[in-house]
Structure formats: structure tokens, C-alpha cells
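Worksheet: the structure to be examined is printed underneath.
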Amino acid sequence: MAGRQAVKAYLDLLSQPCRAVLIFLKHNKIPHTVELVALRKGQHKTPEFSKLNPMQKVPVLDDNGFVLTESDAILKYLATTYNVPDHWYPKLSEKRARVDEYTAWHHVNTRMHAATVFLQEVIFPNMGQPTNPAKFKKALTDLDGTLDMLENMFLKRKPFLCGDDISLADLLAVCELMQPMCSGRDVLKDRPKLQSWRSRVQSALSDSFDEAHSVVYQIRQKFTAKL
């Protein structure tokens, strides 16, 4: 957009929603700069960042003084403000509603259960806390139920979760389901239909996918080397 400076994104790329925002910015060639905020170092709790986002969470977007938090809101803002293909967040009300349907469900399903598996298997042991077997088993069971819904309610026989083209729903979902890969765990390994979906998403996103997930691949390499 003429006269506008590049948007500034505050991100920690170990965060799944942050990766989704970065992929969207890069893939759609939206001019941007990235300010890395290392959650493990407590940089989200500094006075400077707390002033930007009192909730002390990432991602945060600063678009020429307009500051926005929450990945779902950020992605939908970018999709409707910048010149990106319509398939990401369609203007047609019924198609848009399908994307909204998934993103409303996503946070306490795909995101919560995949993240819990990651926390129990990677983060807690790295902090010196052993994995809780009961909680880990429940997280895997909950995630399995979520994957059933992804496959049978959202994907069905379509190429992507909300239709024939990739959308914000696919982007948010795939970033979450990549997180358990940090331990080498592929949660889709026994689900060929979802594996094919992930491959289509990865192909559609091209280099931006692997660039954003490089941190996941690095952690996986270190984690599996310890086994």
C-alpha cells in the first residue's frame, strides 16, 4: 500500500500461531519486519513489550501504529487489509463462514490438544519436570479425537479443510500439528488422508513453510539425538 511502512510482527517462532503469521506474511509478500521475542528468556514480560501487549503474549502486529494481538484476528486483518488471494479468507459469506467455523473450534481443540502433547513430551522434561503419564495419555487420546473431527467433519473429501483452496484454517491447523514433531512424533503417521492434506498445504506454501518451521526441525534433531 502506497505511503505505508512495512508492518512489524513480534514473534517467537517456537510458537505455532507466530509461525502461521510469519508464513502468511512471507507467502503473500506483505512488506514486514520481524522483532523476535524469546518467551524462554522472559522477553514478553519486559515493560516495553507489556506496554505493547498487556497480556504479554505473542504474536503482536503493529501496522503503522495500529496494534493488534491474537493470531486469528491478525491473520484475518491481514487477509482483508492487504492484497492477497481471496481463498485465504473469502469474501463470499458462506465460504467465509466455513473458515470462521473452523477457527472458532480450533483454539480449544487442535491447538489445545497438540500443544499439550508437546508440553508433556518436550517442554516439561526440558525444564526438569518428568512427563506425567496419565496426562500425556489423555492428551494423545484427546488429540486423536480432534484428528477424527478434522478428517471426518472438516476435510471430508475436499483437498483443504474449507474447500478447494488453502485458507487460514489450513494454515492455523498445520502449524499446530507440526508442533509435536519437535520430539520426532508425527501425529498423522497413521492417517494417510490427513498426511495427504498436510502435503498439499506444505506444497501450497512452498519455501515459507520450511523456513518458518526450521526451529521445529532443529529441536527434533537435538531431541532425537538424545534418545
Side-chain angles (χ1 to χ4, degrees), residues 9-27 32-46 49 56-60 70-71 74-75 106-107 109-144 146-147 150 170-191 194-195 197-227:
Y10 294 81
L11 310 172
D12 182 332
L13 296 183
L14 189 53
S15 156
Q16 308 90 303
C18 286
R19 294 197 299 269
V21 170
L22 181 62
I23 289 169
F24 191 82
L25 288 168
K26 284 191 168 188
H27 184 76
H32 66 278
T33 60
V34 172
E35 292 284 338
L36 293 176
V37 180
L39 300 182
R40 67 190 182 282
K41 296 179 180 178
Q43 292 177 355
H44 57 305
K45 295 183 178 181
T46 64
F49 188 80
Q56 299 181 330
K57 294 181 179 180
V58 288
V60 176
E70 299 296 325
S71 57
I74 289 170
L75 289 167
H106 168 85
H107 195 74
N109 290 279
T110 312
R111 173 156 175 69
M112 182 169 72
H113 300 317
T116 303
V117 169
F118 167 70
L119 288 171
Q120 286 290 335
E121 193 163 37
V122 179
I123 294 296
F124 292 160
N126 195 54
M127 296 170 61
Q129 302 176 31
T131 298
N132 182 307
K135 289 183 178 179
F136 186 50
K137 183 179 179 180
K138 183 179 185 303
L140 289 172
T141 300
D142 289 342
L143 180 57
D144 202 45
T146 289
L147 295 176
L150 273 179
D170 301 284
L171 177 57
L172 285 166
V174 80
C175 287
E176 294 297 337
L177 296 175
M178 287 295 293
Q179 195 74 351
M181 283 277 196
C182 287
S183 67
R185 180 180 295 277
D186 182 358
V187 297
L188 304 185
K189 69 181 179 68
D190 296 323
R191 294 178 177 268
L194 287 175
Q195 283 183 6
W197 160 78
R198 180 176 61 195
S199 294
R200 287 191 292 272
V201 173
Q202 187 169 358
S203 178
L205 295 171
S206 59
D207 292 343
S208 61
F209 181 92
D210 283 329
E211 288 172 7
H213 283 94
S214 61
V215 65
V216 172
Y217 305 147
Q218 290 167 15
I219 293 173
R220 178 179 62 186
Q221 186 175 15
K222 292 178 182 178
F223 189 93
T224 54
K226 295 177 183 179
L227 300 179

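The first residue of the sequence shown is numbered 1, and numbering continues consecutively from there. What you are looking at is a predicted structure, and each value in this text was computed from that prediction instead of being measured.
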Nearest 0.5 Å, please: how far is [atom2] in [Y] from [atom1] in [X]?
{"X": "L39", "Y": "L13", "atom1": "CG", "atom2": "CG", "value": "10.5 Å"}
{"X": "T131", "Y": "F124", "atom1": "OG1", "atom2": "CZ", "value": "9.0 Å"}
{"X": "C18", "Y": "I74", "atom1": "SG", "atom2": "CD1", "value": "8.0 Å"}

Evaluate the criterion side chain to side chain contact (heavy atoms under 4.5 Å, CB included) for residue pair Y217 and M178; output intermediate values, then yes/no.
-> CA-CA 10 Å; Y217 305 147; M178 287 295 293; 3.9 Å; yes
Step by step, work out the side chain to side chain contact (heavy atoms under 4.5 Å, CB included) result for V216 and R19.
-> CA-CA 10 Å; V216 172; R19 294 197 299 269; 3.7 Å; yes
Does [X] reach the main-chain N or O of [Y] with its side chain, forming a donor-acceptor pair under 3.5 Å?
{"X": "Q16", "Y": "L172", "answer": "no"}
{"X": "H213", "Y": "F209", "answer": "yes"}
{"X": "Q129", "Y": "Q120", "answer": "no"}
{"X": "T141", "Y": "K137", "answer": "yes"}
{"X": "Q43", "Y": "A38", "answer": "yes"}

Taken in chain and number order and not counting sequence neighbours, the residues that satisfy side-chain hydrogen bond (donor to acceptor under 3.5 Å, both in side chains) with R185 are E121
With R111, which residues qualify under side-chain hydrogen bond (donor to acceptor under 3.5 Å, both in side chains), at least two apart?
-> E176
Looking at K26 and E211, what are the two nearest heavy atoms and their distance?
-> NZ-OE1, 3.1 Å
Pair V21-V58, side chain to side chain contact (heavy atoms under 4.5 Å, CB included): steps then yes or no | CA-CA 10 Å; V21 170; V58 288; over 6 Å; no
Looking at R191 and D144, does any basic side-chain N land under 4.0 Å from a carboxylate oxygen?
-> yes
Report the residue from T110, N109, V117 that forms a side chain to side chain contact (heavy atoms under 4.5 Å, CB included) with L143.
-> V117
Set of residues satisfying side-chain contact (heavy atoms from CB on, under 4.5 Å) with respect to Q221, sequence neighbours excluded = none
